[in-house]
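One structure below.
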Amino acid sequence: MNKISLITIVIFFTSLNISGDTLASENKSDIIIEAPYVRANIPGTIITSAYMSIENANDRAVTLTGVSGLFSDRIEIHQHTMSDGMMKMRKIEQLAIKGRETIILQPMGYHLMIFDVKKTLIPDEKVSLTLHFKQQKDLVITVPVRSIKQERQSKKQHHHH
């Protein structure tokens, strides 16, 4: 095989967008996203949420400063907290992830609130999210849409392993 063919093959494979349950960035990021999903919005509503685990495989901390997607102009990082016996949800400007730490975005914890959804998100379709970090390049991930029923089934399967 000549050098040109080999270079073409290498460029082709490095440009492939990897997606699935575990996603790795094309730019050899130290951020590993696992089990991401966006909850399907109820028809007629324009708010939903997204969940995933974000692992920082590096020794130094990184900061998630925001998230964007073409299907919504407003995606915020939120946190549920207990205050005076009441569950409260509040927006947080950024989420610091220490070196070698994994943060789990889940219902009743840290999560992404997605406002002004431009269309009904249908279970099993995929949407693209861009995670913005202070210390590194943006990370674009492909995320499946799940119904609440699918979400519950997935949780049951994970508890049985």
Side-chain angles (χ1 to χ4, degrees), residues 13 16-58 62-83 85-133 136 138-161:
F13 280 108
L16 286 177
N17 189 2
I18 300 164
S19 68
D21 239 19
T22 301
L23 300 170
S25 168
E26 297 156 358
N27 59 7
K28 293 291 178 249
S29 165
D30 288 324
I31 301 299
I32 300 160
I33 305 297
E34 290 190 353
Y37 69 97
V38 172
R39 191 179 273 171
N41 57 318
I42 298 162
T45 65
I46 56 168
I47 296 176
T48 190
S49 48
Y51 309 98
M52 66 192 71
S53 74
I54 305 173
E55 178 186 346
N56 178 4
N58 198 317
V62 295
T63 306
L64 179 67
T65 57
V67 179
S68 58
L70 294 175
F71 61 96
S72 168
D73 291 329
R74 187 171 147 221
I75 301 175
E76 299 176 354
I77 306 165
H78 279 225
Q79 179 182 22
H80 269 109
T81 53
M82 280 297 273
S83 177
M86 295 281 293
M87 186 58 97
K88 294 184 177 170
M89 184 175 72
R90 66 183 178 96
K91 176 184 177 184
I92 56 175
E93 295 305 318
Q94 54 189 27
L95 185 56
I97 306 166
K98 295 181 189 129
R100 307 282 172 214
E101 181 181 54
T102 300
I103 299 267
I104 298 175
L105 277 56
Q106 63 189 353
M108 299 314 206
Y110 291 113
H111 60 280
L112 301 177
M113 279 305 300
I114 304 170
F115 299 92
D116 307 322
V117 176
K118 295 175 183 176
K119 65 181 190 69
T120 301
L121 299 175
I122 295 153
D124 299 322
E125 76 175 322
K126 292 191 181 333
V127 294
S128 183
L129 286 174
T130 302
L131 280 60
H132 307 282
F133 292 93
Q136 68 161 52
D138 290 351
L139 181 62
V140 178
I141 60 172
T142 302
V143 182
V145 175
R146 286 199 190 145
S147 66
I148 290 175
K149 185 178 173 186
Q150 288 172 316
E151 189 180 327
R152 287 190 189 120
Q153 287 170 339
S154 177
K155 277 195 184 113
K156 283 180 189 166
Q157 289 167 353
H158 285 295
H159 287 301
H160 289 299
H161 287 297

Heavy atoms of other groups near Lys118 NZ, more than 12 under 6.0 Å: yes
Does the side chain of Ile97 come within less than 4.5 Å of Glu55's, by heavy atoms? no
Can you list the steps and then say if Ile103 with Ser53 is a side chain to side chain contact (heavy atoms under 4.5 Å, CB included)? CA-CA 6 Å; Ile103 299 267; Ser53 74; over 6 Å; no
Quick one: are Val67 and Thr130 in side-chain contact, heavy atoms under 4.5 Å? no
Please lay out, stage by stage, how Val145 and Ile122 fare under the test side chain to side chain contact (heavy atoms under 4.5 Å, CB included). CA-CA 6 Å; Val145 175; Ile122 295 153; 5.9 Å; no
Closest heavy-atom contact between Val140 and Ser128? CG1-OG, 3.4 Å
Glu93 CD to Leu95 CG distance, which is reported to the nearest 0.5 Å: 12.0 Å
Assess the residue pair Phe115 and Asp73 against the criterion (side chain to side chain contact (heavy atoms under 4.5 Å, CB included)); give the C-alpha distance rounded to whole Å, side-chain angles, the decisive distance to 0.1 Å, and a yes or no. CA-CA 7 Å; Phe115 299 92; Asp73 291 329; over 6 Å; no
Just to verify, what does Gln94 make a side-chain contact (heavy atoms from CB on, under 4.5 Å) with, not counting sequence neighbours? Thr63, Thr65, Lys134
Are any of the side-chain heavy atoms of Met52 and Val38 separated by less than 4.5 Å? no
Throw together a table of side-chain donor-acceptor distances under 3.5 angstrom for residues 39-49, partners on residues two or more places apart or in other chains.
residue: Arg39; atom: NE; partner: Glu151; partner atom: OE1; Å: 2.8
residue: Arg39; atom: NH2; partner: Glu151; partner atom: OE1; Å: 3.2
residue: Arg39; atom: NH2; partner: Glu151; partner atom: OE2; Å: 2.7
residue: Asn41; atom: OD1; partner: Leu121; partner atom: N; Å: 2.7
residue: Asn41; atom: ND2; partner: Thr45; partner atom: O; Å: 3.0
residue: Thr45; atom: OG1; partner: Ile42; partner atom: N; Å: 3.3
residue: Thr45; atom: OG1; partner: Ile42; partner atom: O; Å: 2.5
residue: Thr48; atom: OG1; partner: Arg39; partner atom: O; Å: 2.3
residue: Ser49; atom: OG; partner: Tyr51; partner atom: OH; Å: 2.7

Determine whether a donor-acceptor pair (N or O, by modelled atom type, separation under 3.5 Å) exists between the side chain of Asn56 and the backbone of Glu101. no
Verify the neighbour count for atom CE of Met86: are there more than 12 heavy atoms of other residues, nucleotides or ligands below 6.0 Å? no
If you draw a 6.0 Å radius around NZ in Lys119, do more than 12 non-hydrogen atoms from other residues or ligands fall strictly inside? yes
Tightest non-hydrogen contact, residues Ser83 and Lys88, listed as OG-NZ, 3.7 Å
Name the residue from Leu105, Leu129, Ile54 that meets the side chain to side chain contact (heavy atoms under 4.5 Å, CB included) definition with Ile33. Ile54
Roughly how far apart are Asn58 CG and Asp30 CG, rounded to 0.5 Å? 4.0 Å
CZ (Arg100) with more than 12 external heavy atoms under 6.0 Å: yes
Short question: side chain of Asp116, backbone of Arg74 - any donor-acceptor pair under 3.5 Å? no
Using every non-hydrogen atom in the two residues, find where Pro36 and Ile141 come nearest and quote the distance to one decimal. CB-CD1, 4.4 Å
Step by step, work out the side chain to side chain contact (heavy atoms under 4.5 Å, CB included) result for Gln136 and Ile31. CA-CA 10 Å; Gln136 68 161 52; Ile31 301 299; 3.6 Å; yes
Could you measure the distance from the CG atom of Asp138 to the CZ atom of Phe133? Nearest 0.5 Å is fine. 9.0 Å
Would you compute the distance between atom OH of Tyr37 and atom OG of Ser154 and round it to the nearest 0.5 angstrom? 7.5 Å
Would you say that His80 contacts Arg90 through its side chain, given a criterion of any heavy-atom pair below 4.5 Å between the two side chains? no
Which heavy atom of Ala57 sits nearest a heavy atom of Ile32, and at what distance? CB-CD1, 3.9 Å
Got a second to check how far Gln79's CD is from Lys91's NZ, nearest 0.5 Å? 14.0 Å
Please check this pair: side chain of Gln150 against backbone of Ser147, looking for a donor-acceptor N/O pair closer than 3.5 Å. yes
Distance, nearest 0.5 Å, that separates CZ of Arg146 from CD of Glu125: 14.0 Å
